[in-house]
Amino acid sequence: MIEPGERSKELWQSARALIPGGVNSPVRAFGAVGGTPVFAERGAGSRFQDVDGREFIDYVMSWGPLILGHAHPAVVAAVRETCAKGMTFGMPTALEVRLARLVTTCVPSIQKVRMTSSGTEAAMSAIRLARGFTGRDLVVKFDGCYHGHVDGLLAAAGSGLATFAIPDTRGVPASYTEKTLIAPYNDPDAVRALFARLGPQIAAVIVEPVAGNMGVVAPQPGYLEFLREITAQHGALLVFDEVITGFRLALGGAQALYGVTPDLTVLGKILGGGLPAAAYGGRAEIMDALAPLGGVYQAGTLSGNPAAMAAGVATLEALAANPPYARLEALAGHLAEGLREAAARAGIPVWQNRVGSMQTLFFTATPVTDYRTAKTADTRRYARFFHGMLAAGIYLAPSQFEAGFVSTAHTEQDIEQTLAAARATMATLAS
Ligand SMILES: *Cc1c(COP(=O)(O)O)cnc(C)c1O
């Protein structure tokens with residue numbers, strides 16, 4: 001574990017006095033790995049510096065948004081120029097239309113799109129829309145999938161399959177999650193059983209088409225196709241939460257990669273290019289159920305904010321002009337291969353899941369296909385790995401159950417430096 005620098009120590013002390021747990025989002029507090037969080041000062045490309053001047057190669061990348069790396073010049077310039085002309089109007093702007101056109105061009109299943117400020121809001125609104133459109137109340141979600149901190153979706157399985165969900169946070173009444181049904185990820189039979197019992201009441205199935213919030217877990221062959229088919233059969237909507245996967249796995253997201261078309265898509269993270277923007281969209285016939293055309297209400301003071309739209313436009317235009325997906329696949333593949341080798345050489349059992357530029361190295365010998373198997377990971381060993389890497393200047397997610405991201409700014413040298421640190425750190429884990 002590295003000792004925090006003086007400035008970090010001071011800030012952490014003040015932060016804890018002023019902000020609950022010292023952070024504005026819980027995972028940042030290093031609760032799962034121990035130690036003092038790193039306070040970021042500045043970033044450029046694949047690297048950032050902390051407030052004590054130490055440099056790190058970053059694989060968190062703000063949890064996904066920074067596919068072009070920190071402070072990409074085109075994104076920074078677009079935001080600067082836009083802000084100078086006014087930060088917010090509460091009126092329509094040309095930038096919203098431009099981003100909407102980019103989104104619908106990149107993701108053909110989206111005919112119309114509504115912008116929000118966070119992925120949480122977008123997922124919440126997509127569910128409301130699905131319910132309003134179908135006139136049904138129940139929603140199926142998967143154990144270990146995260147859709148933001150929406151009351152009704154903060155639920156894990158109660159006493160197992162086909163049980164109405166119980167909230168997994170305090171402050172959410174059980175009655176708020178009783179319309180949420182939980183099934184294990186990658187388990188078609190569990191979903192079949194829910195539809196057999198409750199099909200006519202199910203408004204939607206919401207899924208991360210590649211799960212990223214229990215660590216990375218890919219859909220098994222045929223699984224997304226199965227979800228498409230069973231929802232269509234029963235008149236329920238299929239909602240892909242592509243807040244992580246959108247514009248990351250392909251310009252068209254996971255739905256393009258796997259060739260499965262959802263009814264609604266939730267976007268965020270990369271969409272905002274590092275500023276707060278998210279969105280949900282789908283077929284016009286469904287989206288037109290939203291106010292002011294239809295009876296499903298949803299709004300936002302800063303929705304479609306010009307600065308966020310400008311960052312999103314600059315990011316998507318850069319991706320569309322020069323699609324980086326083949327290079328990201330090669331870089332991330334090199335990293336993944338090297339990490340696996342480093343673990344094998346040290347005799348450390350690991351299971352690796354990777355899809356394109358998102359990956360997780362689980363410290364378990366068990367194949368990880370759902371949340372139950374993800375939880376077989378040795379989180380204490382992960383914490384030691386995390387701190388070993390941190391001391392070597394490599395910033396990984398401060399939790400085992402997160403995705404690691406490679407950006408277009410990462411270089412082969414970054415990967416080599418990371419693998420050298422991994423080989424040294426893995427060797428210390430065996431003891
Ligand atoms: C990050 C995330 C969200 C929530 O987005 P916020 O902008 O943090 O509210 C929703 N769904 C998925 C899959 C995410 O990864």
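Just follow the structure's listing: the first ligand is 1, and inside any ligand the first atom is 1.
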Check your understanding: Got a sec, which residues hit ring pair (Phe, Tyr, Trp, His ring centres under 6.0 Å) with Phe195, two or more places apart in sequence or on another chain?
Key -> His234
Check your understanding: Who pairs with Ala256 by side-chain contact (heavy atoms from CB on, under 4.5 Å), at least two apart in sequence or on another chain?
Key -> Ala250
Revision key, fill the gap. One should read off an interatomic distance between Ile415 CD1 and Tyr59 OH, to the nearest 0.5 angstrom, of 4.0 Å
Review point. Sequence neighbours excluded, which residues qualify as salt bridge (Lys or Arg N to Asp or Glu O under 4.0 Å) partners of Arg98?
Key: Glu317
Check your understanding: Between Asp378 and Arg384, does at least one N-O distance fall below 4.0 Å, as a salt bridge requires?
Key -> no
Revision key, fill the gap. Heavy-atom closest pair (Gly356 atom, Ala332 atom, distance to 0.1 Å) is O-CB, 3.4 Å
Point to revise | Every residue of the protein that comes under 4.0 Å of ligand 1, judged on heavy atoms | key: Ser118, Gly119, Thr120, Tyr146, His147, Gly148, Glu208, Asn213, Asp241, Val243, Ile244, Lys269
